[in-house]
Amino acid sequence: MAVIVDLVSDDDVFELDEGNDGQVGVSSYPARRNADAPGPSRLVRQDADGMANGATPSASLVGMYVEMGFPKEMVLKAIKEIGKRDESAVLSLLLAYTEDDDSVGSCSTSRRIPQRVEDDDDDDEEEDDDFDFEDWDDDVDAGQRDPHSDGSGDEEFLQEMSQLDKQIKSLVDMGFPEDEANRALRRCGLDTPMHVLVDSIYASQHDPEVMDENRFSSCVGRKKARFTEDSKKRKRYGGGAHGSQPPWDGGHEESISLPKPMVGFGLPGDRPRSVGRWLPAHSMRAPFFYYENVALATKGAWAEISRSLYGIEPEFVDSKYFCAALRKRGYIHNLPTEGRSVLRPIPPKTIFEAFPQYETWWPSWDQRRQLNCLQTCMASAKLTERIHRALANSTDPPTQAVQKRVLEECRKWNLVWIGKNKVAALDYLEMEFLLGYPRDHTRGASKKKRDKCLGNSFQVDTVAFHLSVLKDRFPCGMNVLSLFSGIGGAEVALHKLGIRMKTVVSVEICEASRNILRTWWDQTQDGTLIEFRDVQSLTHEKIASLIRQLGGFDLVIGGSPCNNLAGSNRHHRVGLEGDQSVLFRDYVRILNSIKSIMANVG
DNA sequence: CGCAGTCGGATAAAATCA
DNA sequence: TGATTTTATCCGACTGCG
């Protein structure tokens with residue numbers, strides 16, 4: 001049964017579903033009474049807006065360099081000179097400031113200036129152009145790109161001015177006393193990232209003898225020295241999670257390299273081995289958390305995400321080791337990594353095992369055995385029809401050129417062979433299957449919505465593998481905070497693991513996704529589902545109230561939207577500078593809120 | 001340098017709905 | 001018929017790798 005908590009603003013109210021025994025839920029659970037009051041929600045929204053505006057990207061950028069050990073004035077000067085976009089150039093300039101006699105300056109030439117090649121005609125154009133993709137004109141777009149001018153420097157300085165107030169306010173919002181926030185800021189400096197401040201406060205609360213100024217200043221010093229060295233060598237960490245990798249330090253690097261193979265901290269069936277990742281003490285405090293996002297994000301995004309999440313090393317996993325489709329994702333969590341188990345039955349890992357019917361029509365020259373990442377956009381029927389015609393009119397087997405073009409499209413759009421010379425996009429039932437959801441899990445939403453929701457969702461088996469360590473730790477069930485829940489991948493994974501969910505507080509802005517999760521919940525769960533639409537309505541006070549009601553959260557799980565990070569986004573791939581980064585800040589804010597409240601309570 | 005790969009978005013046309 | 005939703009089509013960039 002579900003309890004619906006409506007914190008939506010007046011202009012966008014979703015109503016209680018009368019048919020869904022909402023009354024039983026309401027009467028059975030006192031949760032609704034407190035959470036339902038319309039008064040605070042308005043106040044809450046204003047607070048939330050304030051927070052959102054406070055998290056200026058430039059401030060965090062400045063903070064990053066200050067954290068590396070560069071003086072703030074120097075950082076501001078460098079950013080003003082270079083612009084905030086080109087982080088490597090800023091860094092090079094900073095290094096040049098500090099080490100004038102060094103030859104590091106060569107790095108600064110790495111600033112990339114868009115260039116146009118004069119005549120970019122495709123030189124691989126085949127003479128025997130016997131395929132009739134009449135619409136497949138490969139004209140090169142000769143549109144000139146506008147040089148992005150980024151001269152908004154003064155605003156940044158103004159924003160820096162109120163940094164102190166905002167930092168203090170943020171910390172107070174998280175539940176820390178103002179004097180402690182003040183002390184932490186004095187200890188660590190104005191531009192210290194929030195997680196370091198939180199760390200500092202925790203440390204002073206719990207290990208007062210360890211806590212003094214030189215703890216952080218010495219850290220900064222080391223970081224700077226190491227960073228300088230690495231910048232010269234252009235060396236990167238990573239390179240395989242197996243065996244003897246160096247200790248994790250990516251959180252302070254300019255970028256994090258992806259492991260190859262992308263198997264995370266170990267696959268099912270691997271010999272157990274110690275991961276050796278470093279988890280700072282306060283990150284180990286309850287609750288467990290599990291954050292997800294695309295692995296192939298913009299450069300430096302994962303370093304920043306990791307910095308915000310206690311500097312924990314991301315676990316990069318490609319779900320191709322769990323199902324028949326690729327899905328490269330990074331996960332930052334504080335879960336134990338030993339004693340993991342897999343869901344059964346084990347899903348098929350090749351296309352033919354998953355969909356035997358397609359083998360009949362699969363041409364030998366299409367050597368794909370796994371599908372690419374399932375995305376939110378689907379191939380149009382026009383495209384598959386063009387391919388059909390082209391192949392029908394071609395020789396058998398088709399010429400190399402035709403094969404190449406067809407394969408390109410098949411890979412790009414994840415097409416499968418449904419008949420002679422006939423390809424089609426996957427349908428949502430197949431996507432549900434590949435991603436580990438029950439059949440017709442997304443039923444009720446429109447076809448388009450189903451595609452979109454599924455393209456954004458967890459691969460259940462992968463996530464369940466990581467979450468499996470919780471089963472024995474919570475035999476009586478868990479209270480879960482599910483942020484950006486989507487269609488409930490986390491919930492489905494926990495359910496498949498046989499972990500009871502006493503209460504799930506779910507935040508999801510998309511109504512179709514909420515409906516999907518609620519429907520599934522009503523069919524499969526006996527616990528309480530509390531829904532929020534807007535993550536910003538989950539204020540510190542609201543979280544505290546929920547914790548009082550529930551006795552605390554055991555798991556905070558979710559992935560923040562990737563719109564600004566995803567490689568396939570052609571328009572706004574601006575990394576954590578983008579508007580979606582607000583949601584990531586909310587994730588961090590809420591997690592820190594919970595940790596601080598639960599630390600104070602228990 | 002070429003290639004493969006990527007939880008996408010804005011727009012207008014078309015279809016559906018009230 | 002006008003409003004709303006769905007569909008089709010058009011958009012390059014960035015990263016890592018060899």
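Labels below follow one simple rule: chain letters A, B, ... track the order of the sequence lines, proteins then strands, and each chain is numbered from 1. The model shown is predicted, which means the values in this text are computed figures rather than measured ones.
Rounded to a whole angstrom, the distance from the P atom of C:dT9 to that of B:dC7 is 24 Å. Separating the C1' atom of C:dG12 from that of B:dA4 is a span of 15 Å, rounded to the nearest Å.
Nucleotide B:dA4 holds its P atom 18 Å from the CG atom of A:Asp318, rounded to whole Å. Rounded to an integer number of Å, the gap from A:Lys447 NZ to C:dA8 P is 8 Å. In this structure, CG of A:Leu383 is placed 11 Å from C1' of C:dA8, rounded to the nearest angstrom. Taking atom CG of A:Asn564 as the reference point, atom C1' of C:dA13 lies 14 Å away to the nearest angstrom. We find that CG of A:Asp451 is positioned 11 Å from P of C:dA8, with the value rounded to whole Å. A straight line from NZ of A:Lys448 to P of C:dT9 spans 12 Å, rounded to a whole angstrom. Going from atom NZ of A:Lys404 over to atom C1' of B:dC3 covers 9 Å, rounded to whole Å. Between the NZ atom of A:Lys299 and the P atom of C:dA13 there is a distance of 17 Å, given to the nearest Å.
Of the residues near DNA chain C, A:Lys449 and A:Ala297, the one whose nearest nucleotide (by heavy atom distance) lies more toward the 5' end is A:Lys449. Where A:Ser380 and A:Thr298 each meet DNA chain C at their nearest nucleotide, the meeting point lying more 5' is that of A:Ser380.
Among the protein residues, A:Ser446 comes within range of the sugar-phosphate backbone only, with heavy atoms under 4.0 Å from sugar or phosphate atoms but none that close to a base.
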Listed pairs, N/O of protein and of nucleotides 5-9 of chain B, under 3.5 Å:
residue	atom	partner	partner atom	Å
B:dT6	OP1	A:Cys373	N	3.1
B:dT6	O2	A:Gly567	O	3.0
B:dT6	O2	A:Ser568	N	3.1
B:dC7	OP2	A:Arg329	NH1	2.9
B:dC7	O4'	A:Arg329	NH2	3.0
B:dC7	O2	A:Arg329	NE	2.6
B:dC7	O2	A:Arg329	NH2	2.6
B:dC7	N4	A:Glu292	OE1	3.4
B:dC7	N4	A:Ser560	O	2.9
B:dG8	OP1	A:Thr376	OG1	3.2
B:dG8	OP1	A:Asn456	OD1	3.0
B:dG8	OP2	A:Thr376	OG1	2.2
B:dG8	O4'	A:Asn569	N	3.4
B:dG8	O6	A:Arg570	NH1	3.1
B:dG8	N1	A:Arg570	NH1	2.9
B:dG9	OP1	A:Asn563	ND2	2.8

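In summary, A:Lys448 and A:Asp451 do not engage in a salt bridge, as defined by a charged side-chain N under 4.0 Å from a carboxylate O.
Note: A:Phe316 and A:Trp302 meet the aromatic proximity criterion, with ring centroids under 6.0 Å apart. Checked against the 6.0 Å centroid criterion, the rings of A:Tyr310 and A:Phe289 qualify as a close aromatic pair.
For A:Ser319 and A:Arg327, the side-chain atoms include no donor-acceptor pair closer than 3.5 Å.
The nucleotide C:dA13 finds its pairing partner in B:dT6, both defining distances of the Watson-Crick or G-U wobble pair being shorter than 3.5 Å. Remark: C:dA8 base-pairs with B:dT11; criterion is Watson-Crick or G-U wobble with both hydrogen-bond distances under 3.5 Å.
Using cut-offs of 30° and 60° on the angle between ring planes, the pair A:His466 and A:Tyr290 is tilted. Under the 30°/60° scheme for interplanar angles, the aromatic rings of A:Phe584 and A:Tyr587 are found to lie parallel.
Within the 4.0 Å cut-off from OP1 or OP2 of C:dG16, not a single side-chain nitrogen or oxygen of A:Lys260 is found.
With a 4.5 Å cut-off on side-chain heavy atoms, A:Lys349 and A:Tyr321 do not count as touching.
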